[in-house]
Amino acid sequence: LKQHRTEARQHAVIAARKKATVYAEAAGVSLGSLLHIEDVNPNRLQGSEGHVVHDTEVDDEGPLSAFDPGSITIGAAVILTYSIEPANAV
């Protein structure tokens, strides 16, 4: 279980960096150095905005599979904070 949690955290960091890169490119800037990492309980991400309750959107591109009643879900979430640089600075 510990190894699976470690892998989930690693995947969360990789996914967060990819998403930050997409946002930075869209904004015409580049990611600078990593300033802060915050571990987030993935269960807390299933929250509400105003009066609307929603589930988290899955960014996993893998195949869909049936739920196995004998399995458990291991998730991870992270907040990464980067400095930003002009697009040509990196």
Exercise. Counting only N and O atoms by type, is there a donor-acceptor contact under 3.5 Å from the side chain of T81 to the main-chain atoms of L35?
Worked result: no

Seminar exercise, completed: Rounding to 0.5 Å, atoms NE2 (H4) and CD1 (I72) come to a distance of 8.0 Å

Problem set entry | Closest non-hydrogen atom pair between G28 and A87, with its separation | O-CB, 3.5 Å

Problem set entry | Over all atoms of both residues, closest heavy-atom pair of A76 and A12 | O-CB, 3.8 Å

For this session: Give the cluster check for Y23 versus L80: same hydrophobic cluster or not, with ILVMFWY residues linked at side-chain heavy-atom distances below 4.5 Å.
Result: no

Problem set entry | Flag side-chain contact, heavy atom, 4.5 Å: K18 against I14 | yes

For this session: Report whether Y82 and V13 are members of the same hydrophobic cluster (ILVMFWY, side-chain heavy atoms less than 4.5 Å apart, transitive linking).
Result: yes

Exercise. Between S30 and P86, which heavy-atom pair has the shortest distance, and what is it?
Worked result: OG-O, 3.9 Å

For this session: Taking the side chain as every heavy atom from C-beta outward, state whether R9 and D39 have any atom pair closer than 4.5 Å.
Result: yes

Exercise. A24 and L31: which non-hydrogen atoms are nearest, and at how many Å?
Worked result: CB-CD2, 4.0 Å

For this session: Check A8 against G75 and note the closest heavy-atom contact, atom names and distance.
Result: CB-C, 4.2 Å

Exercise. Are side-chain heavy atoms of I37 and I79 found at a separation under 4.5 Å?
Worked result: no

For this session: Let me see the working for V40 and V78 under side-chain contact (heavy atoms from CB on, under 4.5 Å), right down to the final yes or no.
Result: CA-CA 5 Å; V40 178; V78 65; 5.8 Å; no

